[in-house]
S.K.: 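Handing you a structure now.
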Amino acid sequence: MKCQHCEKTATFHITELTDPNGPTILHLCEEHARTFFNQDGPPDPASALTNMLAKQLKLEKAADDLAAADKKQCPMCGITFAEFRKGGRLGCPYDYVAFEEDLEPLLVNIHGATSHSGKVPKNLNGSPERQFRLKQLKDEMREAINKEQYEVAGKLRDKIAAIETGQNENGQNENGQSDESNEEKPNDGPPDDDFQSFS
Amino acid sequence: MKLDDLAQKTGEWMRGDGPESDIVMSSRIRLARNLAEFPFVRKCTDKDRIAIAAAVRRAIDALPLSSDTEYVDVAKLGDLDRQFLMERQLISHELSETEGARAVILDPQERFSIMVNEEDHLRLQVMQSGLDLSSAWKRMNELDDLLESKLTYAFTKKLGYLTACPTNVGTGLRVSVMLHLPALVATKQIDKVFRAFNKINVAVRGLFGEGSQFMGDLYQVSNQMTLGKSEETLMQRVSEVIPRLIDYERKAREFLINEKRDDLNDGISRALGILKTAKKISSEETMHYLSKVRMGVNLGLIDNVRIPTVNKLFIHTQPAHLQKLCGQKLSVSARNTERANYLQQHLSDSVDPKAN
Ligand SMILES: [Zn+2]
Ligand SMILES: [Zn+2]
């Protein structure tokens, strides 16, 4: 018998005793078995998840609904829902927004919950919506520059700068903090150029 | 590279002390975190991965961590060093085998490690000897706060910390406790016990060798859900299960001592005998017998062997460790010889049950 993760012979047979669908046996080579306890999820969360997704979606969705969901694409990273279903991993944080309604039944299935209660970071600038808005504005600015609409581009630049320093697009403070939040912002983020690779 | 120094030592989490350490080997907590400005790892370009690693390195350098905290560029490590870090449970198989810029930040005492560009941008891990989840969480929370002061994590109020796999979203928390349950295995109660835990949302895994031969009688209990409950609640769910498992294991050990004493002594004595006298031995066989020796030491049936020594042998007899310790690459056959030598050196003073 071959290892589930490579071409070597499976010499270890590992039983997941508490899989919700009953005991599951994994067949692994020595090397992959050795890493088994290093991993903190199931040994291959992606494939387990993909199987579950596929099962669940087939039960709950008509074929054409599923086909429609599969065509959805994230405007940030370009991943399609079909790609996610195949690989079991998302492409970027904005996928949780772009595929919100399709992911929700999955979250219920995995966690029995759809909203977070637990630790909240002090720095709340990491929302995917904010990243998406920045990307939109940067795309618009680039286009304005291409069309030589420099006044429009300048306004967009101000909006981007405002968001990046923790204010809203109109230069007003978002969290009711003083303007000094500019200096408190803990992270400079990558230089602007890196956003291009993110589209 | 200080990895060679690391090979000589054992991490604090292998000390073999801490609460319930005759049964609980170690407690681990990990957090999955991602940087808001980048796509998840599977959609990262080479340039993204390099930028992420650089951003994390800058953050680490600016933090008040111990000065000998080491940033290790995993992409530059050879096969043996990567396997060594895996055996040591400091990096995962995924981090070892994927391509591209990736790193691990190592605490020299092995109290924590931080993987960079694994499935998520950051995988923070804290390890502790014995059953001590609350102090592990305290250290984890502090480490996370420190990193968060320098990095912007992908987070929404609704879904919490956003992760590449929806199985980790929310807290990004995985708590796992590794237990040594030889008596439950010997009395054939292990399946029954775990079946009873089936419905309580903790994952239990055991490691088996060929033909259902048990590998070291080691089992890991961890939480499955990460969303909708606080870190403390998720931890509590796992830690509620552990005393019951410990209790079952202790009862099974008592039964063996009271009702099957001769068989128990025979099994432990043979195990120690093979480990002390074999001229060639595989790692699977080593784990199998070390497990019996560990129980023998904990039951006071073997003298002159300490639990930290047994814990160390579990790790140091694995292939990459053996090769690092003797300073050269070895074939499987040469490893089996070297492993037998190493075991003899460390167990020569042991006194088995017959002498008691
Ligand atoms: Zn394999
Ligand atoms: Zn995306």
Side-chain angles (χ1 to χ4, degrees), chain A residues 11-19 30-42 45-46 49 76-79 87-93 96 103 106-107 110-131 186-187 189-190 194-195 197-198, chain B residues 30 34 36-40 42-43 45 47-48 51 55 86-87 89 92-93 119 148-160 162 164-167 169-171 174 176 178 191 194 197-198 202-210 212 215 218 220 222 225-231 318:
Chain A
T11 49
F12 292 86
H13 309 279
I14 296 162
T15 307
E16 285 274 6
L17 289 157
T18 51
D19 193 292
E30 184 175 348
E31 190 198 333
H32 281 116
R34 206 166 285 293
T35 65
F36 187 73
F37 276 106
N38 289 357
Q39 297 176 354
D40 36 29
L49 174 75
M76 276 296 264
C77 72
I79 196 174
R89 310 260 169 94
L90 294 163
C92 82
Y96 284 99
L103 286 173
L106 179 69
L107 294 177
I110 301 168
H111 304 284
T114 54
S115 61
H116 175 59
S117 64
K119 187 169 179 176
V120 175
K122 285 182 199 74
N123 170 6
L124 289 171
N125 288 331
S127 85
E129 288 93 341
R130 182 173 176 276
Q131 295 300 326
N187 179 34
D194 283 351
F195 281 99
S197 58
F198 197 168
Chain B
R30 78 102 161 98
N34 288 278
E37 300 92 344
F38 295 92
F40 292 139
R42 74 171 276 183
K43 282 281 179 189
T45 60
K47 205 173 136 199
D48 289 333
M86 267 201 297
E87 289 175 1
Q89 307 194 6
S92 64
H93 184 261
E119 179 181 309
E148 182 206 302
S149 72
K150 304 286 174 197
L151 300 165
T152 305
Y153 289 153
F155 179 91
T156 65
K157 283 179 180 161
K158 180 166 191 319
L159 287 176
L162 304 177
C165 186
T167 51
V169 76
T171 56
R174 192 79 64 203
S176 22
M178 196 183 317
D191 288 3
F194 284 136
F197 287 99
N198 234 335
V202 295
V204 183
R205 301 191 315 211
L207 187 55
F208 297 72
E210 188 81 84
S212 274
M215 277 282 295
L218 296 172
Q220 182 174 282
S222 53
M225 297 181 297
T226 57
L227 179 69
K229 299 275 185 293
S230 71
E231 289 81 358
Q318 295 189 33

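Labels below follow one simple rule: chain letters A, B, ... track the order of the sequence lines, proteins then strands, and each chain is numbered from 1.
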S.K.: Got a donor-acceptor contact below 3.5 angstrom from the B/Arg42 side chain to the A/Arg89 backbone?
M.R.: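 Yes.
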S.K.: If I take atom OG from residue A/Ser115 and atom NZ from residue B/Lys157, how far apart are they, to the nearest 0.5 angstrom?
M.R.: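 Taking OG in A/Ser115 and NZ in B/Lys157, the distance rounds to 14.0 Å.
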S.K.: Test side chain to side chain contact (heavy atoms under 4.5 Å, CB included) on A/His116 and B/Thr171 and set out the steps.
M.R.: CA-CA 7 Å; A/His116 175 59; B/Thr171 56; 3.9 Å; yes
S.K.: Could you check A/Asn123 against B/Thr152 for side-chain hydrogen bond (donor to acceptor under 3.5 Å, both in side chains), going step by step and ending with a plain yes or no?
M.R.: CA-CA 7 Å; A/Asn123 170 6; B/Thr152 305; 3.0 Å; yes
S.K.: Per the side chain to side chain contact (heavy atoms under 4.5 Å, CB included) rule, which among A/Leu103, A/Leu90, A/Leu107 passes with B/Val169?
M.R.: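 Of all the options given, the one that passes is A/Leu107.
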S.K.: The criterion is side chain to side chain donor-acceptor pair (under 3.5 Å); which residues satisfy it with B/Ser230, sequence neighbours excluded?
M.R.: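 Residues passing side chain to side chain donor-acceptor pair (under 3.5 Å) with B/Ser230: B/Thr233.
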S.K.: What are the two closest heavy atoms between A/Cys92 and B/Pro39, and how far apart are they?
M.R.: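 Looking at all heavy atoms of both residues, the shortest contact is CB-CA, 3.8 Å.
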S.K.: Which heavy atom of A/Ala113 sits nearest a heavy atom of B/Gly228, and at what distance?
M.R.: CB-CA, 3.8 Å
S.K.: Using modelled atom types only, decide if a donor and an acceptor are shared between the side chain of A/His111 and the backbone of B/Pro166 within a distance under 3.5 Å.
M.R.: yes
S.K.: Any idea which heavy atoms bring A/Ile110 and B/Met225 closest together, and the distance?
M.R.: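 Heavy-atom minimum between the residues: O-CG, 3.7 Å.
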S.K.: At their closest point, which heavy atom of A/Pro93 faces which heavy atom of B/Ala154, and how far apart are they?
M.R.: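 Of all heavy-atom pairs spanning A/Pro93 and B/Ala154, the closest is CG-CB, 3.7 Å.
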S.K.: Quick one: does any side-chain atom of B/Glu148 pair with a main-chain N or O of A/Lys122 as donor and acceptor, under 3.5 Å?
M.R.: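 Flag set: sc B/Glu148 to bb A/Lys122 pair under 3.5 Å.
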S.K.: So B/Phe155 and A/Val120, do their side chains get closer than 4.5 Å, heavy atoms only?
M.R.: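 Yes, their side chains come closer than 4.5 Å.
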S.K.: Identify, with sequence neighbours excluded, every residue that meets side chain to side chain contact (heavy atoms under 4.5 Å, CB included) alongside B/Thr156.
M.R.: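 Listed in chain order: A/Pro128, A/Glu129, B/Lys158, B/Leu159, B/Leu162.
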